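Take a look at the structure set out below.
This structure is a prediction, so every number in the text was calculated from the model and none was measured. Computed from heavy atoms alone, side chains included, the values below leave out hydrogens, waters and symmetry copies.
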Amino acid sequence: MELSAKYNPSEVEDKWYSYWLEKKFFHSEPDSREPYTVVIPPPNVTGVLHMGHVLNNTINDVLVRKARMEGKNACWIPGTDHASIATENKVVAKLKSMGISKEDLTREEFLKYAWEWKEEHGGIILKQLRKLGASCDWDRTRFTMEPELSEAVINTFCHFYKKGWIYRGVRMVNWDPEGHTAVSDDEVIHRDTKSHFYHMRYFISDGNGKPSDKYIIVATTRPETIMADAAICVNPNDERHHWMKGKKVLIPLINKEIPIIEDDYVEMDFGTGCLKVTPAHDAHDYEIGLRHNLPILDIIDDHGKLTADAQILVGEDRFEARKKIVKMLQEAGNMEKIEDYTSPVGYSERTNAVIEPRLSAQWFLKMSELAPVALDSVESGLIKFIPDKYRNTYRHWMENAHDWCISRQLWWGQRIPAYYLPDGRFVVENSPEKALEAAKALDASVTAEDLHQDEDVLDTWFSSWLWPISVFDPQRPGQMEHQPNADLAYYYPTNDLVTGPDIIFFWVARMIMAGNEFMGDVPFRNVYFTGIVRDKLGRKMSKTLGNSPNPLDLIEKYGADAVRLGMLLCSSAGSDILYDESQVEQGRNFCNKIWNAYRLIKGWSSDASLPQGESSAIAVKWFTDKLNQAVEAVYDHFDKFRISDALMTIYKLFWDDFCAWYLEIIKPEFGKPMDGVTYDATVGFMDTLLKLLHPIMPFITEELWQNIAERKDGETVMNQRLPQAKQYSSSFIADFELCTSAIASVRNIRQTKGISPKDALELQYKGAFPGELVTVLKKMANLSSVTEVSGFENPDSGSAFLAGTVEMFVPLTGLVNVEEEIQKMEAEIRHLEGFLKGVKAKLSNEKFVSHAPAAVVELERKKESDATVKLENLCRAVANLKK
RNA sequence: GGGAGCUUAGCUCAGUUGGUUUAGAGCAUCUGCCUUACAAGCAGAGGGUCGGGGGUUCGAUUCCCUCAGCUCCCACCA
């Protein structure tokens with residue numbers, strides 16, 4: 001095979017991915033092996049791949065491929081999420097562009113369009129994941145709104161309703177006037193927003209509904225809601241306002257009379273100490289209203305427009321109304337002053353509309369029973385969070401969890417299985433038939449036509465919280481009498497969950513609740529929280545900023561392995577990731593390095609009759625040790641989910657140890673064959689390295705592994721066993737490092753003296769240099785001789801250096817500047833003296849010697865003696881030079 | 001307003017119950033090399049008083065306090 005000097009990923013990636021699919025290597029069925037299970041955080045069905053997905057799925061794939069190569073039965077479930085609000089919005093927008101308004105369609109007609117949209121645009125992201133190399137079991141692909149999973153959602157609703165944990169109630173909810181739906185507390189994002197603080201005059205009523213000459217000042221940020229005011233509230237301890245106790249005031253512009261009431265909630269030193277109470281449009285005011293029996297007047301409709309009850313500005317949008325009413329108040333003489341003001345405002349996570357607190361009938365799931373159990377799952381250590389700090393966040397939320405508003409005023413999603421009787425009562429059943437039966441029990445005269453199903457659908461998270469269960473056995477959630485099927489029994493609980501911290505409450509916490517409820521066990525053992533991918537300047541990647549690269553373009557340009565590596569290089573768990581394309585370049589360079597190492601090895605011929613050279617034997621021995629040391633470290637890193645450290649360990653093993661040292665040592669003269677023993681060992685090393693690299697870089701490793709030796713059809717590197725760490729000699733590795741440092745020093749001498757690497761030099765040394773490494777030293781430093789001496793012959797005509805504590809000397813007649821050599825050594829002496837001083841200070845400290853552990857003291861003694869020897873050597877050398 | 005976390009070389013980060021030759025890596029930088037695997041490369045080198053101050057300790061990047069800066073999460077818009 002003729003190989004180009006550069007690795008060309010596009011030639012190999014599709015080929016091997018098709019091969020893996022064709023051979024069903026990703027598919028898993030229960031068997032006697034230990035399972036390793038992961039479920040994908042289901043992306044929006046209409047989503048496209050972005051850098052966050054790349055990060056998440058790369059980590060997932062590394063974990064899955066590693067488990068597979070450890071002999072586990074690895075199963076990674078892919079799928080998508082129906083994403084009610086996001087998808088419905090997209091469909092509405094599409095219809096709008098076609099000149100169709102959602103209001104003109106029936107529910108069934110709209111859903112027909114929605115499904116068409118889903119078929120057309122859905123699942124693109126799953127195809128894109130294949131380009132990344134994701135080894136998902138595609139035969140098990142799931143969608144949260146497919147019939148079976150929808151049934152699971154409905155059964156779950158019925159389950160909790162019958163338990164009494166789901167209730168319907170009129171509550172203050174977060175209304176999204178653009179999405180025309182309520183959203184849960186967690187879907188509201190609070191942002192400091194610049195607005196104004198309007199100080200308005202409310203005149204005291206003269207008792208006949210006419211303004212007197214006295215007024216109070218009330219401050220608000222929302223003057224457009226004054227028509228819905230039910231009272232003015234002051235703090236009972238506020239003496240400034242005692243005079244108006246029992247009086248009434250008139251709402252400006254509409255002159256409606258409202259009482260002045262007292263409540264501790266009002267803070268005396270905020271604003272004017274007078275609070276306008278608007279129960280229908282503020283959650284706090286609603287509470288005050290309940291306490292004081294105030295009437296509730298709702299003047300804002302579903303779309304955020306003022307209703308007829310407002311009397312004025314009817315039909316105006318709430319923000320338009322605000323502008324207009326300010327002017328009206330000014331003209332009427334009711335505006336005292338306007339201040340600039342910044343306060344937190346809630347926005348809808350999905351539509352970015354300003355949330356309108358609003359009273360409406362919604363369905364809720366009680367958290368009082370589910371949250372404590374889920375909290376305990378993490379507190380007890382049954383589930384581990386990586387990094388650990390998210391335990392705090394989790395605990396805080398769990399201890400303050402509000403009931404979950406699960407109804408959404410949308411059509412795309414699972415419709416709430418509540419059926420209303422004509423008299424307003426309702427029944428909850430998982431089918432219309434059962435509902436009719438239950439309804440007849442309440443009222444025998446009810447017919448199927450009389451029953452009306454609730455118009456709302458369920459929150460999308462109400463289906464995704466079942467994901468780790470329903471992907472295996474959709475019949476289990478909500479039906480405790482159904483025994484888990486073989487898949488669920490085998491694969492549940494899953495092992496690791498890789499996800500972003502932004503959905504710790506939406507999804508992670510709730511999956512733990514559902515797992516405990518329906519399986520009596522947590523859904524996963526470890527949760528690895530990735531960071532958020534940001535650009536080089538630390539900005540979040542977003543479409544509007546245009547700072548988010550298209551991952552597919554990157555894969556096209558650099559190759560999937562390079563993109564994976566680039567992502568992993570900087571991905572420590574939990575901290576945000578500053579992405580830069582140069583990291584992907586580094587990944588591409590590494591691919592190229594691997595490719596070329598392979599080319600070098602493949603270009604060699606072996607001759608079994610040749611004896612193994614001494615330096616080659618040493619190199620094989622050393623790299624075997626080095627490999628085992630690295631494998632041990634890699635496993636340790638993986639165990640702690642330090643994926644970038646594991647990667648860096650392998651990276652350096654390959655690049656520095658294998659390529660820069662090992663291959664250079666064993667490299668035969670050009671065109672000459674290599675002895676068989678070394679050649680076979682080298683091919684073996686390459687084979688092992690490819691296996692070690694495979695979870696991270698699946699494509700290039702498969703390509704090379706398939707070529708480095710004869711492979712049968714159906715063989716793949718992804719099903720090989722990962723190397724296991726064996727015993728290795730740390731002392732031999734240390735000896736070798738002594739040798740490499742000596743080689744570097746000689747090379748440094750060449751560089752500073754302008755001596756070509758081609759000109760051989762001599763070397764003398766004094767001290768304990770391991771004899772077996774002399775041959776390596778000679779070859780790599782290009783030395784004609786290496787001699788152990790008792791004293792250097794002409795110390796002023798050469799360059800001396802230390803390798804560890806071994807003194808070394810390169811004779812360089814006529815090339816040495818004695819002054820420079822002396823200066824170099826004296827600098828070294830100063831450093832050593834400082835070091836020694838510190839060590840001696842410690843050792844002469846009575847308390848250190850008596851308090852510190854023996855091993856530490858011993859180490860200090862060794863430092864002292866080593867440094868003393870070095871110092872003596874250096875001083876002698878300098879003295880000689882100065883002669 | 002409440003809570004959590006971060007601050008170590010130009011950049012991105014390790015630093016594992018306080019002691020491993022007076023701090024490590026990758027990238028970037030500088031110098032010299034187109035040496036028949038690789039210039040997407042090779043060889044060598046430089047670079048940090050571990051945010052400031054204080055304390056505990058024989059010993060602090062590591063523990064405590066404090067100040068400064070940054071980030072994130074939670075929180076009902078008077």
> In B/S/- notation, 5' to 3', how is nucleotides 7-14 of chain B contacted by protein heavy atoms closer than 4.0 Å?
Replying inline: -----SSS
> Relative to the 5' end of RNA chain B, which residue comes earlier, A:Gln586 or A:Ala597, by the nucleotide with the nearest heavy atom?
Replying inline: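 Result: A:Gln586.
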> Hey, which of these two, A:Thr220 or A:Ser582, hits RNA chain B nearer its 5' end, going by closest nucleotide?
Replying inline: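 Result: A:Ser582.
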Interatomic distance where [atom1] belongs to [X] and [atom2] belongs to [N] [whole Å]:
| X | N | atom1 | atom2 | answer |
| --- | --- | --- | --- | --- |
| A:Ile338 | B:A78 | CD1 | P | 17 Å |
| A:His637 | B:U16 | NE2 | C1' | 10 Å |
| A:Ile355 | B:A75 | CD1 | P | 13 Å |
| A:Leu663 | B:A37 | CG | P | 11 Å |
| A:His190 | B:G1 | NE2 | P | 17 Å |
| A:Asn400 | B:A4 | CG | P | 13 Å |

[N] versus [M] - spacing of their [atom1] atoms, nearest Å:
| N | M | atom1 | result |
| --- | --- | --- | --- |
| B:G26 | B:G19 | P | 24 Å |
| B:U12 | B:G54 | C1' | 32 Å |
| B:A25 | B:U8 | C1' | 12 Å |
| B:C67 | B:G10 | C1' | 27 Å |
| B:C73 | B:U31 | P | 45 Å |
| B:G41 | B:U36 | C1' | 14 Å |

Describe the nucleic acid contact of [X] in one word from base, sugar-phosphate, nothing, applying a heavy-atom distance below 4.0 Å.
| X | answer |
| --- | --- |
| A:His831 | base |
| A:Lys602 | nothing |
| A:Val857 | nothing |
| A:Glu287 | nothing |
| A:Leu859 | sugar-phosphate |
| A:Lys837 | nothing |
| A:Val354 | base |
| A:Ile504 | nothing |
| A:Tyr7 | nothing |
| A:Arg599 | sugar-phosphate |
| A:Tyr286 | nothing |

Identify all side-chain donor-acceptor contacts of residues 634-648 of chain A below 3.5 Å with residues at least two apart in sequence or on another chain.
| residue | atom | partner | partner atom | Å |
| --- | --- | --- | --- | --- |
| A:Tyr635 | OH | A:Pro723 | O | 3.3 |
| A:Tyr635 | OH | A:Gln724 | NE2 | 3.1 |
| A:Asp636 | OD1 | A:Lys640 | NZ | 3.2 |
| A:Asp636 | OD2 | A:Lys640 | NZ | 3.2 |

>> Applying ring-ring contact (aromatic ring centres under 6.0 Å, His included), can you list everything that pairs with A:His199, at least two apart in sequence or on another chain?
In response: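 A:His199 satisfies ring-ring contact (aromatic ring centres under 6.0 Å, His included) with A:Phe197 once adjacent residues are dropped.
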> In residues 843-855 of chain A, what residues come within less than 4.0 Å of RNA chain B, judged by heavy atoms?
Replying inline: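 Within residues 843-855 of chain A, the residues near RNA chain B are A:Asn845, A:Lys847, A:Phe848, A:His851, A:Ala852, A:Pro853.
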>> Can you list every stem that RNA chain B is part of, counting only runs of 3 or more consecutive Watson-Crick or G-U wobble pairs with both distances under 3.5 Å?
In response: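 As far as RNA chain B goes, consecutive pairing (with distances under 3.5 Å) yields the stems B:1-7 with B:68-74, B:10-13 with B:24-27, B:29-33 with B:41-45, B:51-55 with B:63-67.
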Between [X] and [N], is there a side-chain N or O to OP1/OP2 distance below 4.0 Å?
| X | N | value |
| --- | --- | --- |
| A:Tyr651 | B:C27 | yes |
| A:Tyr341 | B:A78 | yes |
| A:Lys667 | B:A37 | yes |

> Does atom NZ of A:Lys323 have more than 12 heavy-atom neighbours from other groups under 6.0 Å away?
Replying inline: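 Check fails, neighbour count at 12 or below.
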Protein-nucleic acid N or O pairs under 3.5 Å, nucleotides 41-44 of chain B:
| residue | atom | partner | partner atom | Å |
| --- | --- | --- | --- | --- |
| B:G41 | OP1 | A:Asn589 | ND2 | 3.3 |
| B:G41 | O3' | A:Lys593 | NZ | 3.3 |
| B:C42 | OP1 | A:Lys593 | NZ | 2.7 |
| B:C42 | OP1 | A:Trp655 | NE1 | 2.7 |
| B:A43 | O3' | A:Arg747 | NH1 | 3.2 |
| B:G44 | OP1 | A:Arg747 | NH1 | 3.4 |
| B:G44 | O2' | A:Asn748 | OD1 | 3.0 |

Mind checking what makes salt bridge (charged side-chain N to carboxylate O under 4.0 Å, His left out) contact with [X], not counting sequence neighbours?
| X | value |
| --- | --- |
| A:Asp502 | none |
| A:Lys824 | A:Glu821 |
| A:Glu858 | none |
| A:Lys847 | none |

Which nucleotide in the set [options] lies at the smallest distance from any side-chain heavy atom of [X]?
| X | options | value |
| --- | --- | --- |
| A:Pro344 | B:C74, B:A37, B:C77 | B:C77 |
| A:Lys863 | B:U20, B:C73, B:A37 | B:U20 |
| A:Asp656 | B:G26, B:A78, B:C38 | B:G26 |

Do the ring planes of [X] and [Y] sit parallel (below 30°), tilted (30 to 60°) or perpendicular (above 60°)?
| X | Y | answer |
| --- | --- | --- |
| A:Phe590 | A:Trp655 | parallel |
| A:Trp595 | A:Tyr598 | tilted |
| A:Tyr390 | A:Phe529 | tilted |

> Which residue pairs pass the salt bridge (Lys or Arg N to Asp or Glu O under 4.0 Å) test when at least one of the two sits in residues 219-234 of chain A, sequence neighbours left out?
Replying inline: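 Residue pairs passing salt bridge (Lys or Arg N to Asp or Glu O under 4.0 Å), neighbours aside: A:Arg222-A:Glu224, A:Arg222-A:Glu356, A:Glu224-A:Arg322, A:Asp229-A:Lys276.
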>> Keeping A:Lys6 on the side-chain end and A:Asn592 on the backbone end, is there a donor-acceptor pair under 3.5 Å?
In response: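 Pair absent, no side-chain N/O of A:Lys6 close to backbone of A:Asn592.
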>> Can you confirm whether A:Val746 sits close enough to A:Met780 that some side-chain heavy atom of one is under 4.5 Å from a side-chain heavy atom of the other?
In response: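 In short, these two side chains do not touch, never coming nearer than 4.5 Å.
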> Are A:Ile189 and A:Ile355 close enough that some pair of their side-chain heavy atoms sits under 4.5 Å apart?
Replying inline: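 The answer is no, as the side chains (C-beta and beyond) never meet within the 4.5 Å cut-off.
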> Taking only residues two or more places apart in sequence, or in another chain, which ones meet A:Asn8 in a side chain to side chain contact (heavy atoms under 4.5 Å, CB included)?
Replying inline: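 By the side chain to side chain contact (heavy atoms under 4.5 Å, CB included) rule, A:Asn8 matches A:Ser10, A:Glu11.
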>> I'd like to know if A:Glu833 and A:Arg830 make a salt bridge, using a cut-off of under 4.0 Å between side-chain N and carboxylate O.
In response: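 No, no charged N to carboxylate O under 4.0 Å.
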> Is any side-chain N of the basic residue among A:Arg861 and A:Glu864 closer than 4.0 Å to the acidic one's carboxylate O?
Replying inline: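 No, this pair does not count.
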